[in-house]
Amino acid sequence: MFASAFTLALLPLLAAANPQIYGPAPGPAPATSAQAAAAAPSAPPSSSGQINIDVAPGGNFVFSPANVTASNGTLVTFFFPDVAGVSHSITQGDFSNPCQPIAAQNGQNGFDSGLQSGTQFTLNVTNDQIPIYFFCKFPTHCGLGMVGSINAPSTGNTFDAWMSAALKVGSSEQTLQDNGPSRHLQSDLNNDQQ
Ligand SMILES: [Cu+2]
């Protein structure tokens, strides 16, 4: 299969997108507890070298924007809403195997924020020639289309095709264990908002 061979050939390079978490990121001032319960924080506007993505804006199971182009050196920051009892993840996926974490390559897992709320998670794009596909691992969210991509091509393995593949998984989505952030990311985890 051409598509899967192509994807597999690219896998070792995906590790070049070094995920890291930093914070607190620029954004709205911390809300009072009453406000926090009522409203999810919104990502500030993107700027040069910094792309901001809302996770589940308005409680919808989407990323916004869900498909971005990010040149080398660009930071892509995901803003997780702070809503009691609701969490989401940014989990690196494999175009040929939607709603499943990408297989480890050379002993390196793909990035995975683990289920989070009220935090930020930042990826540093270091190879803009390699598409990055991701999804939310919270049960049912991926199959409902909570997926996104960075530098997806405009033909072939496009964002739209990635979305379609996730929706096709639909209710047969396998429940994934939450192990927190990928081990190799742990030192970068921003814990100060727990
Ligand atoms: Cu989710």
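In each ligand, atom 1 is the first atom listed, and ligand 1 is the first ligand listed. Note that the numbering runs from 1 along the sequence shown for the chain.
Among the candidates Gln116, Lys137, His141, the single residue satisfying the side chain to side chain donor-acceptor pair (under 3.5 Å) test with His88 is His141. Partner of Asn52 under the side-chain contact (heavy atoms from CB on, under 4.5 Å) criterion, out of Ser64, Pro65, Ser47, Pro44: Pro44 alone.
Taking the six-membered ring for Trp and the full ring otherwise, the centers of Phe78 and Phe134 sit less than 6.0 Å from each other.
Among residue pairs with one or both ends in residues 44-90, none qualify as disulfide bond (SG atoms under 2.5 Å apart); sequence neighbours excluded.
On the SG-SG cut-off of under 2.5 Å, Cys99 and Cys142 qualify.
Listed by chain and number, the protein N, O or S atoms at a distance under 2.8 Å from the Cu ion (ligand 1) are His88 ND1, Cys136 SG, His141 ND1, Met146 SD.
Hydrophobic clustering (ILVMFWY, side-chain heavy atoms < 4.5 Å, transitive): Leu123 and Ile51 are in one cluster.
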